[in-house]
S.K.: 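This is the structure, below, for whatever I ask next.
Heavy-atom basis, side chains included; hydrogens, waters and symmetry copies ignored. Just so you know, ligand 1 is whichever comes first in the structure, and atom 1 is the first atom listed for that ligand.
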Amino acid sequence: MDTHKKLVLGIFGFGVVGEGLYKVLHQTPSLNATIKKVCIKHPNKKRDAPADLFTVNKEILLNDNEINIIVELIDDADAAYEIVKTAFANGKSVVSANKKMIAEHLPELLELSQEAEKSFLYEAACCASIPVIRNLEEYYDNDLLHSINAVVNGSTNYILTKMFEEKLSFKDALIQAQQLGFAESNPTLDVEGFDALNKWTFLLTHSYGILPKKEEIVFTGIQNITSEDALQADKKDCVTKLVASAKKLKNGKVAAFVLPQFVKKDDPLAFVKDEYNGVVIESSFADKQFFYGKGAGSFPTASAVLSDISALRYDYKYEYKKLYHQQQNELTNDFYVRTYVAFTDWGHVRKDDFESIEEWHSNDRSNYLIGIIHFEKLRESDWWKKNGVSLILIADPIIESLDVAKLKKRSLELAGVAGKYSLS
Ligand SMILES: NC(=O)c1ccc[n+]([C@@H]2O[C@H](COP(=O)([O-])OP(=O)(O)OC[C@H]3O[C@@H](n4cnc5c(N)ncnc54)[C@H](OP(=O)(O)O)[C@@H]3O)[C@@H](O)[C@H]2O)c1
């Protein structure tokens, strides 16, 4: 191992993460890394670094033979994709934090990095400061990994925390998150679950060796969650979190989704508050393990980028063992979930989709039901994403098979009341 290998960096982006990295690198002289050039977009912005470090010409970095690592930290996934492709073609290793680019192009980027025999590391792209990718790669064998449940989006977690603990409305909590810089001025990517979905696609690659397309994963965000849902969660001794979940079922296939969940107050994920992220991994013999830390922010994100750069001293590469060297896993939607659905109008809920409805409630403030639904029904419809409907899975939501006889009996018992509420 050549720990004295010279690391010459070409950095793209000098925003929240890029500038953070610049500062963090200056406090880590032992790394023996030098920044040769930084490529940015707007040349006239005032920057807290020498002017001759910067350029707007990406070719200067990409064609410089001395630069052996491209660190891609820009906020434009399409431009990033072009930069990263050229970097591999020009024989450079790449460190990136760009979850959107990775979610959209991982198979191709993997191929290109392998053809070039260069590393492609992106620990900062999921859960920022929490070293979850490298742990999944190195530590958790596929057969041993039962499930992984995670809070991977800090903005939505901040909003939910404020709704639950300070009883703020969704709108006020969002404004507060924006004022504190935890949510973008256009918060759609975070609030509607796209950011969490992006992260989950490649976390599934490192957890279970699956390279899913985004369209294959059922997801939503927290856009329809109300203060009333927060109250219901509390009554059930739960809090609501946007949880990215994956679980290996008894048939060997993997269930995966990103959906709001009622999480028991004694679950480690309930402890993940404000802009923090957390990951709970359950494996055969170790039981539950919990990773917790800052999922965004300048220095926390830069620290993961720094760790990737440091790993390049010994040419570290993700091996994707679960993808290439083990029996491939498959995603499945053939399971059931127990879910809470609140709605402003019974007409919004497709009751026939439910295998059973176990509970319902209706008064002038709220309507909700709790029922069991086959997951494929959620995948193929979108009534549950529409305005006025909030679907929140109940803690430990996956049911692998149903006792149909028992359900039938219970449905018959409930039929009278169902009629009263026009449930059937
Ligand atoms: N912020 C976080 O907490 C966080 C956490 C995890 C991952 N990430 C990811 O890290 C990346 C950077 O995020 P950020 O928050 O640092 O973004 P940011 O603060 O908006 O900064 C973006 C930087 O990219 C530069 N840029 C944009 N397009 C460019 C192009 N075509 N060529 C060269 N430079 C370009 C901008 O240049 P100018 O300065 O000239 O405008 C700016 O310096 C994103 O992929 C983000 O998803 C961020």
Side-chain angles (χ1 to χ4, degrees), residues 9-24 35 37-49 51 53-62 70-87 94-106 109 120-133 150-158 177-178 180-190 194-203 274-277 293-309:
L9 313 180
I11 300 179
F12 281 82
F14 201 75
V16 174
V17 186
E19 186 172 5
L21 177 67
Y22 176 79
K23 291 182 178 155
V24 163
I35 304 173
K37 239 355 169 208
V38 178
C39 180
I40 37 77
K41 193 169 181 184
H42 301 102
N44 299 326
K45 255 192 207 172
K46 207 173 143 5
R47 320 223 178 226
D48 201 4
L53 193 61
F54 296 97
T55 177
V56 287
N57 182 354
K58 63 179 179 178
E59 306 302 333
I60 290 182
L61 283 69
L62 292 167
I70 291 295
V71 185
E72 182 285 300
L73 303 171
I74 71 173
D75 57 341
D76 174 339
D78 296 333
Y81 172 55
E82 296 303 326
I83 290 163
V84 172
K85 277 200 299 187
T86 313
V94 174
V95 173
S96 172
N98 204 316
K99 48 243 177 176
K100 187 162 183 282
M101 174 193 71
I102 298 163
E104 281 165 7
H105 300 290
L106 185 58
L109 294 177
F120 179 36
L121 304 180
Y122 41 83
E123 187 66 72
C126 185
C127 297
S129 75
I130 310 176
V132 64
I133 295 179
V151 170
V152 296
N153 182 274
S155 323
T156 45
N157 202 49
Y158 182 87
Q178 286 171 322
L180 289 167
F182 300 138
E184 307 286 333
S185 47
N186 174 2
T188 312
L189 273 182
D190 288 325
F194 294 98
D195 177 77
L197 171 72
N198 283 338
K199 292 166 177 166
W200 209 234
T201 56
F202 55 90
L203 228 64
D274 298 324
E275 73 278 22
Y276 281 79
N277 284 183
K294 290 196 169 163
S298 185
F299 285 176
T301 312
S303 84
V305 177
L306 184 76
S307 176
D308 281 351
I309 295 170

S.K.: Cation-pi check, Arg47 to Phe14: give yes when NZ or CZ is under 6.0 Å from the six-membered ring centre and within 45° of the ring axis, no otherwise.
M.R.: no
S.K.: Measuring from Leu21:CG to Phe299:CZ, what's the distance to the nearest 0.5 Å?
M.R.: 10.0 Å
S.K.: For ligand 1, which atoms sit closer than 4.0 Å to a heavy atom of Ala296?
M.R.: 3 (O)
S.K.: So if I count the atoms of ligand 1 from 1 in the order they appear, which ones are less than 4.0 Å from some heavy atom of Gly13?
M.R.: 23 (C), 24 (O), 25 (C), 43 (O)
S.K.: Checking a contact table here: which protein heavy atom is nearest atom 12 (C) of ligand 1, and how many Å away?
M.R.: Leu73 O, 3.5 Å
S.K.: Could you grab the distance from atom CD1 of Ile83 to atom SG of Cys39, nearest 0.5 Å is fine?
M.R.: 6.5 Å
S.K.: Would one find an N or O of His42, backbone or side chain, under 3.5 Å from an N or O of ligand 1?
M.R.: yes
S.K.: Heavy-atom distances under 4.0 Å are what count here, so tell me which part of Arg47 touches ligand 1: side chain, backbone, both or neither.
M.R.: side chain
S.K.: At what distance, to the nearest 0.5 angstrom, does CG of Leu189 lie from CG of Asp195?
M.R.: 7.0 Å
S.K.: Within the structure, does Val16 bring an N/O atom to less than 3.5 angstrom of an N/O atom in ligand 1?
M.R.: yes
S.K.: What atoms in ligand 1 come closer than 4.0 Å to a heavy atom of Ala124?
M.R.: 6 (C), 7 (C)
S.K.: List the closest protein heavy-atom neighbour of atom 5 (C) of ligand 1: residue, atom name, distance to the nearest 0.1 Å.
M.R.: Thr301 OG1, 3.3 Å
S.K.: Just by distance, with hydrogens left out, do Asn186 and Thr188 show a side-chain donor and acceptor under 3.5 Å apart?
M.R.: yes
S.K.: Can you tell me how far apart CD1 (Ile102) and CD1 (Ile133) are? Round to the nearest 0.5 Å.
M.R.: 7.0 Å
S.K.: Roughly how far apart are Leu62 CG and Phe12 CZ, rounded to 0.5 Å?
M.R.: 4.0 Å
S.K.: So which bit of Met101 gets within less than 4.0 Å of ligand 1, heavy atoms only: side chain, backbone, both or neither?
M.R.: neither
S.K.: Mark up the atoms of ligand 1 that fall under 4.0 Å of a heavy atom belonging to Asn98, in ascending order.
M.R.: 45 (O)
S.K.: Is the side chain of Lys100 donor-acceptor paired with the backbone N or O of Ala77 at a distance under 3.5 Å, no angle test?
M.R.: no
S.K.: Compute the shortest N/O to N/O distance between Lys41 and ligand 1 and return yes if it is under 3.5 Å, no if not.
M.R.: yes
S.K.: Taking the side chain as C-beta and beyond, is there a heavy-atom pair between Ser307 and Glu123 under 4.5 Å?
M.R.: no
S.K.: If I apply the N/O under 3.5 Å rule, does Gly15 come out as touching ligand 1?
M.R.: yes
S.K.: I want to check something: taking the side chain as every heavy atom from C-beta on, are Lys199 and Cys127 in contact at a cut-off of under 4.5 Å?
M.R.: no
S.K.: Report yes if Gly297 has an N/O atom closer than 3.5 Å to an N/O atom of ligand 1; otherwise report no.
M.R.: yes
S.K.: Hey, is the main chain of Asn157 close enough, under 3.5 Å, to the side chain of Glu275 for a donor-acceptor pair?
M.R.: no
S.K.: Heavy-atom contacts with Lys99 under 4.0 Å: which atoms of ligand 1 show up? List them by number with element.
M.R.: 6 (C), 7 (C), 8 (N), 47 (O)
S.K.: Considering only the protein, which heavy-atom contact is closest to atom 10 (O) of ligand 1, and what is its distance?
M.R.: Ala97 CB, 3.5 Å
S.K.: Does ligand 1 have any atom sitting under 4.0 Å from a heavy atom of Ala125?
M.R.: no
S.K.: Considering non-hydrogen atoms of the protein only, which is the closest contact for atom 17 (O) of ligand 1, and what is the distance?
M.R.: Asp75 CB, 3.9 Å
S.K.: Any idea which part of Lys45 is under 4.0 Å from ligand 1, heavy-atom wise: side chain, backbone, both or neither?
M.R.: side chain
S.K.: Can you tell which part of Val17 has a heavy atom less than 4.0 Å from ligand 1: side chain, backbone, both or neither?
M.R.: both
S.K.: For a 4.5 angstrom cut-off between non-hydrogen side-chain atoms, does Glu72 reach Tyr122?
M.R.: no
S.K.: Can you confirm whether Val71 sits close enough to Val305 that some side-chain heavy atom of one is under 4.5 Å from a side-chain heavy atom of the other?
M.R.: yes
S.K.: Of the protein's non-hydrogen atoms, which lies at the shortest distance from atom 11 (C) of ligand 1, and what is that distance?
M.R.: Ile74 O, 3.4 Å
S.K.: Ala79 to ligand 1: N or O pair under 3.5 Å?
M.R.: no
S.K.: So is Phe12 polar-close to ligand 1, meaning N/O to N/O under 3.5 Å?
M.R.: no
S.K.: Provide, to 0.1 Å, the distance between atom 43 (O) of ligand 1 and the closest protein heavy atom, together with that atom's residue and name.
M.R.: Phe14 N, 2.8 Å
S.K.: OG of Ser303 to NZ of Lys294: how many Å apart, nearest 0.5 Å?
M.R.: 10.5 Å
